[in-house]
Amino acid sequence: MPDLKAAYNFTDTFGGLMLAGHSIGVLTAGLISGVLPLYLGNKKSILILFAMAFIGAFLLIISNWSSLLLILGFALIGLGRGSLLNFNTRTVNILTNGSAAAANILHSMFAMGAIAAPILFYLVNKVSGWRSWLVIIIFLGIAALYRLFRANIPDYKIQTKNYDLSFLRDKKFLIKAGMIFFYICAEYALLGWLVTYMNYKNFLNSSQFVSSMLWVVIFAGRLLCAAFASKFKVKIFILIASIGSSLFFAGLLLSENIFSVFICVAC
């Protein structure tokens, strides 16, 4: 975000609109990534939706043509990211009969990439600029798409007559959806704050370092959840995590130095 702001000279308000565009893309992915396979099949759907992320990255490179391309680029990146995450989660749930440990391990792989990406971006940006990093991401995306195209993914079409929305009336579903809603709001607010206001030349004081540190502890937390998921009640996990997150988020808002920011973000 700091590099985009410097390159295209937009305000923090417009930067917020870009992050909102990303969230709209993730929301759209949640709405259509489960429905599109009903008509196109599983494999075609994920290939089309996942490709949107790299089209979005390309739009960021050429977006000096129009500020709207920046918002559209972020929205497409969110659409591709959200669709792939939904596809992977659904696939793992099917293969493991809904194992919570398997889902946490899957999301830990996402966290590993999120740990490495800010560090690699920092290094590439220092050598050849932020556009070079996007070019790398696009080429990696093309390689991933090719691998998905060659993979043996069941390309079935679900019968639409079996499509049921009765879960929308389930209290447990609504409560869990609400919890995820507030968690994502907090996560996006935190990450948006980091990349907007922490832009220092020293890597240890940079948003890239804090972002990587955040995902290190998320990675550790997900591994702990995977290890203890079958030994403790889910309600206890959720209660402790919710109280802890609220307290340290409040501490972050009151932080006045970089050390307290690190502690609150980590905890």
Side-chain angles (χ1 to χ4, degrees), residues 1-12 14-19 21-23 25-26 49-67 69-85 88 107-148 187-188 190-220 258 261-262 265-266:
M1 184 64 71
D3 295 281
L4 286 171
K5 286 174 62 178
Y8 299 129
N9 193 30
F10 56 76
T11 63
D12 289 340
F14 186 78
L17 289 175
M18 290 165 57
L19 293 177
H22 181 273
S23 299
V26 176
L49 294 174
F50 187 36
M52 296 298 104
F54 309 106
I55 296 175
F58 178 72
L59 290 181
L60 295 185
I61 297 176
I62 64 170
S63 54
N64 57 323
W65 295 353
S66 168
S67 59
L69 289 181
L70 285 168
I71 298 177
L72 179 59
F74 267 68
L76 291 177
I77 290 172
L79 175 60
R81 172 197 167 189
S83 298
L84 183 65
L85 184 61
N88 287 343
H107 292 162
S108 295
M109 298 300 103
F110 176 84
M112 289 179 66
I115 292 167
I119 298 173
L120 294 174
F121 169 77
Y122 183 87
L123 297 174
V124 172
N125 192 25
K126 284 293 184 182
V127 174
S128 56
W130 60 272
R131 286 183 174 86
S132 298
W133 175 249
L134 289 178
V135 171
I136 292 172
I137 291 296
I138 291 170
F139 277 107
L140 290 174
I142 293 172
L145 285 169
Y146 176 74
R147 182 66 186 89
L148 281 172
E187 178 185 330
Y188 274 50
L190 175 59
L191 292 176
W193 178 82
L194 289 176
V195 300
T196 301
Y197 297 108
M198 295 190 64
N199 183 29
Y200 302 102
K201 294 182 180 180
N202 184 343
F203 178 67
L204 294 180
N205 290 334
S206 68
S207 60
Q208 288 85 10
F209 174 75
V210 180
S211 296
S212 290
M213 184 189 69
L214 172 65
W215 283 104
V216 167
V217 294
I218 290 176
F219 174 68
I258 195 68
V261 168
F262 286 169
V265 169

Can you measure from CG (Leu60) to CG (Leu72) and round to the nearest 0.5 angstrom?
9.5 Å
CD1 (Ile138) and CD1 (Ile55) are apart, to the nearest 0.5 Å, by 10.0 Å
Side chain to side chain contact (heavy atoms under 4.5 Å, CB included) partners for Leu85, two or more places apart
Thr89, His107
Side chain to side chain contact (heavy atoms under 4.5 Å, CB included) involving Val124 - partner list, sequence neighbours excluded
Ser128, Ser132, Trp133, Ile136
Looking at CG of Leu84 and CE of Met52, how far apart are the two atoms once the value is rounded to the nearest 0.5 Å?
13.5 Å
Taken to the nearest 0.5 Å, the spacing of Leu17 CG from His22 NE2 works out to 15.0 Å
With the side chain counted from C-beta on, respond yes when Leu145 and Phe50 share a heavy-atom pair under 4.5 Å apart, and no when they do not.
yes
Among all residues two or more places apart in sequence or in another chain, which pass the side chain to side chain contact (heavy atoms under 4.5 Å, CB included) test with Leu4?
Tyr8, Phe10, Met18, Leu70, Phe74, Trp130
Shortest non-hydrogen separation from Leu69 to Ile62 and the atoms involved
CD1-O, 4.2 Å
Between OH of Tyr146 and CG of Leu148, what distance do you get to the nearest 0.5 Å?
12.0 Å
Contacts of Leu49 that satisfy side chain to side chain contact (heavy atoms under 4.5 Å, CB included) - sequence neighbours left out
Ile32, Ser33, Leu36, Leu79, Ser83
How many angstroms lie between CG in Leu19 and CD1 in Ile71, if you round to the nearest 0.5 Å?
10.5 Å
With sequence neighbours left out, write down each residue that passes ring-ring contact (aromatic ring centres under 6.0 Å, His included) with Phe58, or none if nothing qualifies.
none
